[in-house]
Amino acid sequence: MLDIRFIKENKDFVIERLQIKNFQSEKIVKKIVELDEERKKVQTNLNDTLSKSNKISKEIGFFFKTGKIKEANDKKKETFILKKTSQTLNQELVKIEKELDFLLVQLPNLPHISVPVGKKPEDNIKVKEGGKFPILQKNSIPHWEIAKKYNLIDFELGNKLTGAGFPVYIGKGAKMQRALISFFIDEAEKLNYKEIMPPLMVNESSAFATGQLPDKEGQMYKITEDNLYLIPTAEVPVTNIYRNCILNSEDFPIKNVAYTPCFRREAGSYGKNVRGLNRLHQFDKVEIVQISKAEKSYEILNEMVDYVESLIKKLELPYRILKLCGGDMGFTSALTFDFEVFSASQEKWLEVSSVSNFENYQANRLKLRYKEKNNKKTKLAHTLNGSALALPRILAAILENNQNENGIKIPKVLRKYTNFELIF
RNA sequence: GGAGAAAUGGCAGAGUGGACGAAUGCGGUGGUCUUGAAAACCAUUGAGGGUCACACCUCCGGGGGUUCGAAUCCCUCUUUCUCCGCCA
């Protein structure tokens, strides 16, 4: 969430920037500023009251010790009203803080100054395009037919076992998954990302801290009996490693890479764009996460974008990079680049990665801070993450783009992981 | 799942109702001494709110309670350890 001090000092700026995200914040911001003033007043009042009763308590202690029982008992009477007052003030304070918090979590992150104005995906700005478009033969088929033809993925079997959106990978199909995962992790390790294998379920605090709650409650699978959530992305457990941490200057850079399955309910999705691997309830993803100092985060964002681009290049897929417009950006992000690969038989761009800088928005909830040398004050860190990469759509594009009469050609970089060059 | 024990600063560990935000040791930082280092010695060393800065307030696993006053007593939750049971 946004830092309340920042909101107070930059009221108009906050309102103006949030309009880029098509969020009308004037009322909430005004209310927040008012409530915080109120909070301060009540808090000061409460502090004074507590200070007085602390002082009296000490006096009473002294009287008892020196045997002045009568004086002590007289003093006791004085505390009665102070106690009542502090109880009332405390209740008031808790109420105000709750309300303040309720309002604060409703405000999305401010978009970076470079974020384009826009409401729909069409308003995103293409910043780069690369790779070669494949020339397919006449009888080329979409990946779900390829998957069936070569017995790589069984969607109906997934239906039987679990339901729609839970495919079963078989034989070379399964092998492709493992190959992609290993390839992505090995590449990340070359750039000194440390591999993490986190739990696949998280508690409420974790889901809240990275912003999935309360925003995306309905999109996560919940285990009600134990009050846990299946992770929608590795971002949640990995970023939460740093919850409630105060880092030192020398801890940076913090670079983590994690492979996990991801679980998403995708409530509200339907139709053509959920066909095959295009949209699943369970899918595999390798995620990169970085924690940085405030002044470094945009430099790191660029580095992460370059890295994701290098992966797609190595897989020899046609791609484009989009800078998301205000209306298409996530709630918690300040700047997001989306990567799309072209899936030739579907003739569709498929989103395979989203790389974002959250600035201190997540860190504020995470209470993730750091200290500079020779400075006692803590500062909020910046968090960044990106998919590197999500598997299903990459696989879809590989299957569709690399098909010919002999079968499916495996990208060179994957062959040492698959131990085969062709699916036939 | 059952029985018992425990949770205190970066770490170890004392503290069982009053001057305790917390002894002591280790570690960190600054200094003295030294050509330099080590040792020794001296000083300093948690977080949040608040303030121009102080003052002041809160925090001893989380939440609640008793009391004029709680690290200390009570309730509750969580976690860890030991023993038993079950088990990949």
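Every value quoted in this text rests on a predicted model; they were computed, and no experiment measured them. In what follows, every chain begins at residue 1, and chains take the letters A, B, ... in the order their sequences are listed.
Projected onto RNA chain B by closest heavy-atom contact, Glu59(A) and Lys52(A) fall at different nucleotides, the more 5' of which corresponds to Glu59(A). If Gly61(A) and Lys371(A) are placed on RNA chain B by their nearest nucleotide, the residue sitting closer to the 5' end is Gly61(A).
Taking atom P on both nucleotides, rC57(B) is separated from rG69(B) by 15 Å, rounded to a whole Å. Taking atom P in both rG62(B) and rU78(B), the straight-line distance is 15 Å, to the nearest Å. Using atom P as the reference point in both rC81(B) and rC42(B), the two lie 40 Å apart (nearest Å). Rounded to the nearest Å, the gap between the P atom of rG30(B) and that of rA38(B) is 12 Å. For the P atoms, the distance from rU29(B) to rG15(B) is 31 Å, rounded to whole Å. For rC56(B) and rG4(B), the C1' atoms lie 45 Å apart once the distance is rounded to whole Å. Spacing between rG49(B) and rC41(B) at atom C1', rounded to whole Å, works out to 39 Å. Taking atom P in both rU45(B) and rU24(B), the straight-line distance is 13 Å, to the nearest Å.
Residues Glu400(A) and Ser343(A) bring a donor and an acceptor atom of their side chains to less than 3.5 Å of each other. The closest side-chain donor-acceptor pair between Asp284(A) and Gln177(A) falls under 3.5 angstrom.
Taking every side-chain heavy atom of Lys83(A) into account, rC68(B) is the closest of rC68(B), rG18(B), rC56(B). Checked against rC68(B), rC57(B), rA19(B), the side chain of Phe62(A) finds its nearest nucleotide in rA19(B). Picking from rA19(B), rG49(B), rA47(B) the nucleotide with the shortest atom distance to the side chain of Lys65(A) gives rA19(B). In the set rU58(B), rA47(B), rG50(B), rA47(B) carries the atom at the smallest distance from any side-chain atom of Thr378(A).
Across all strands, Leu50(A) comes closer than 4.0 Å only to sugar-phosphate atoms, never to a base (heavy-atom distances). Among the protein residues, Lys40(A) comes within range of the sugar-phosphate backbone only, with heavy atoms under 4.0 Å from sugar or phosphate atoms but none that close to a base. Using a 4.0 Å heavy-atom cutoff across all strands shown, Asn54(A) reaches sugar-phosphate atoms only and no base atom. Using a 4.0 Å heavy-atom cutoff across all strands shown, Ser57(A) reaches at least one base atom of the nucleic acid. Residue contacts shown for Phe80(A) are absent, as no nucleic acid heavy atom lies under 4.0 Å away.
Nucleotide rG1(B) has rC84(B) as its partner under the Watson-Crick or G-U criteria, with both atom distances under 3.5 Å. Of all nucleotides present, none satisfies the Watson-Crick or G-U wobble test against rA53(B) with each distance under 3.5 Å. In a base pair of the Watson-Crick type (N1 to N3 plus N6-O4 or O6-N4) or a G-U wobble (N1-O2 and O6-N3), with each distance short of 3.5 Å, rG69(B) is matched with no nucleotide. Across all strands shown, the partner of rU79(B) is rA6(B), judged by Watson-Crick or G-U wobble contacts whose two distances both fall under 3.5 Å. In this entry rG27(B) has rU45(B) as its Watson-Crick or G-U wobble partner, both defining distances falling under 3.5 Å. Base pairing annotation: rG21(B) forms no Watson-Crick or G-U wobble pair, as no partner gives both donor-acceptor distances under 3.5 Å. Summarising the base pairing, rU34(B) is matched to no nucleotide, lacking a Watson-Crick or G-U wobble pair whose two defining distances lie under 3.5 Å.
Between Lys98(A) and Asp101(A) no salt bridge is recorded (no basic side-chain N to carboxylate O distance below 4.0 Å).
Separation of atoms SG (Cys262(A)) and CZ (Arg264(A)) is listed at 6.0 Å; rounding is to 0.5 Å.
Rounded to whole angstrom, the span from the NZ atom of Lys77(A) across to the P atom of rG69(B) amounts to 16 Å. The nearest whole Å value for the distance from the CG atom in Asn244(A) to the P atom in rG62(B) is 11 Å. The nearest whole Å value for the distance from the CG atom in Leu368(A) to the C1' atom in rA47(B) is 15 Å. Note: CG (Asp48(A)) to C1' (rG50(B)) measures 11 Å, nearest angstrom. Residue Glu97(A) contributes atom CD, which lies 16 Å from atom P of rG48(B) at whole-angstrom precision. In this structure, CZ of Phe64(A) is placed 15 Å from P of rA19(B), rounded to the nearest angstrom. Residue Lys58(A) contributes atom NZ, which lies 18 Å from atom P of rC68(B) at whole-angstrom precision. Nucleotide rG64(B) holds its C1' atom 13 Å from the CD atom of Gln87(A), rounded to whole Å.
A cation-pi geometry, defined here as NZ or CZ lying under 6.0 Å from the six-membered ring centre and within 45° of its normal, does not hold between Lys68(A) and Phe63(A). Geometrically, Arg365(A) engages Phe208(A) in a cation-pi contact defined by less than 6.0 Å to the ring centre and at most 45° from the axis. For Lys172(A) and Phe420(A), the positive end sits near the middle of the six-membered ring, less than 6.0 Å away and at most 45° from its axis.
For rA47(B), the OP1/OP2 oxygens have no side-chain nitrogen or oxygen of Arg369(A) closer than 4.0 Å. For Arg39(A), a side-chain nitrogen or oxygen approaches OP1 or OP2 of rG50(B) to under 4.0 Å.
Here the side chain of Thr378(A) pairs no donor or acceptor atom with the backbone of Lys371(A) at under 3.5 angstrom.
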